[in-house]
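For reference, the structure discussed in these notes is given below.
Lettering of chains follows the sequences in order, A, B, ..., and the numbering in each one begins at 1.
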Amino acid sequence: MDRLSNAEQRELETRMQQKQMKEFMNVFSGLVNHCFDACVDDFTTKSLVQRETGCVSRCVQKFMAGSERIGQRFQEEQAKMMQNPPPGR
Amino acid sequence: MSLFGLGRPQPSSAEKIAAAEAEMDLITTMFNQLQQACMKKCIPKDYREGEINKGEGVCIDRCAAKFFDVQMKVSELLQAEAAAKGGALGGGFGVGGM
């Protein structure tokens with residue numbers, strides 16, 4: 001990848017920020033869907049029962065923890081790939 | 001005589017930024033796929049506790065490693081296929097031309 005000038009770097013950063021916002025919204029809505037699907041099944045009442053609230057809380061926590069770990073493995077792999085590019089690149 | 005790579009104009013600003021953006025997109029997509037795949041395979045849906053236990057953690061590590069291996073393998077296989085198909089075509093032309 002060619003070096004980018006300062007102006008180009010700034011432009012890229014702005015776009016990255018926009019992408020991060022978009023990505024965050026994706027993660028958020030995905031997580032809502034996932035935890036709702038996994039935890040909410042009692043429709044005898046309108047409000048969440050305690051079991052469901054607890055479940056959603058653990059669901060989000062667990063997702064974040066899992067995501068973090070996957071992120072670490074991913075970064076390690078990226079670092080490895082930088083050092084040994086795979087054949088055919 | 002090589003026509004490519006000689007006298008190629010420098011990529012414009014927009015092209016460089018687009019290329020960098022495309023690379024970031026690729027990495028983001030890869031990460032999301034990895035995340036979805038390994039969360040599905042390793043994290044059971046009952047959510048009895050908020051933390052990742054040791055078994056799940058190890059599962060994630062192994063899942064990530066295998067995912068990258070599969071990626072590498074599929075890439076190699078596709079390249080081999082393309083080379084085989086390209087070779088079949090190119091061989092025909094080459095024999096005809098020589």
Check each atom of Ile43(B) against the heavy atoms of chain A and say whether the ones under 4.5 Å are side chain, backbone, both or neither.
side chain
Are any non-hydrogen side-chain atoms of Asn32(B) and Glu23(A) less than 4.5 angstrom apart?
yes
If you take all heavy atoms of Tyr47(B) and Ala38(A), which pair is closest and at what distance?
CE1-CB, 3.7 Å
Does the pair Gln35(B) and Phe63(A) meet the rule for a side-chain contact (heavy atoms from CB on, under 4.5 Å), with working shown?
CA-CA 10 Å; Gln35(B) 188 182 60; Phe63(A) 179 88; 4.0 Å; yes
What part of Arg73(A) is in contact with chain B, defined as an atom under 4.5 angstrom from a non-hydrogen atom: side chain, backbone, both or neither?
both
Side chain, backbone, both or neither of Gln9(A) within contact of chain B (heavy atoms, under 4.5 Å):
neither
Residue pair Ala65(A) / Ile52(B): nearest heavy atoms and the distance that separates them:
CB-CG1, 3.5 Å
Of the backbone (N, CA, C, O) and the side chain (C-beta and beyond), which part of Ser75(B) lies under 4.5 Å from a heavy atom of chain A, both, or neither?
neither
Identify the heavy atoms of Ser13(B) and Glu8(A) that sit nearest to each other, and give their distance.
OG-OE2, 2.6 Å
Is there a side-chain contact between Glu49(B) and Gln61(A) (heavy atoms, below 4.5 Å)?
no
Those residues at least two apart in sequence (or on a different chain) that pass salt bridge (Lys or Arg N to Asp or Glu O under 4.0 Å) with Glu81(B) are Lys85(B)
Heavy-atom distance under 4.5 Å to chain B: side chain of Asn26(A), backbone, both or neither?
neither
Counting only non-hydrogen atoms closer than 4.5 Å, does Met64(A) touch chain B with its backbone (N, CA, C, O), its side chain (CB onward), both, or neither?
neither
In plain terms, say whether Glu56(B) and Lys62(A) are close enough for a salt bridge, that is, a side-chain N and a carboxylate O under 4.0 Å apart.
yes
Between Gln78(A) and Ile27(B), is there a side-chain heavy-atom distance shorter than 4.5 Å?
yes
Closest approach of Asp61(B) and Arg69(A), non-hydrogen atoms and distance?
OD2-NH2, 2.6 Å
What one should report as the nearest heavy-atom pair of Leu12(A) and Glu21(B) is CD1-N, 4.2 Å
Look at the rings of Phe68(B) and Phe74(A) and say which category their plane angle falls in: under 30° parallel, 30 to 60° tilted, over 60° perpendicular.
tilted
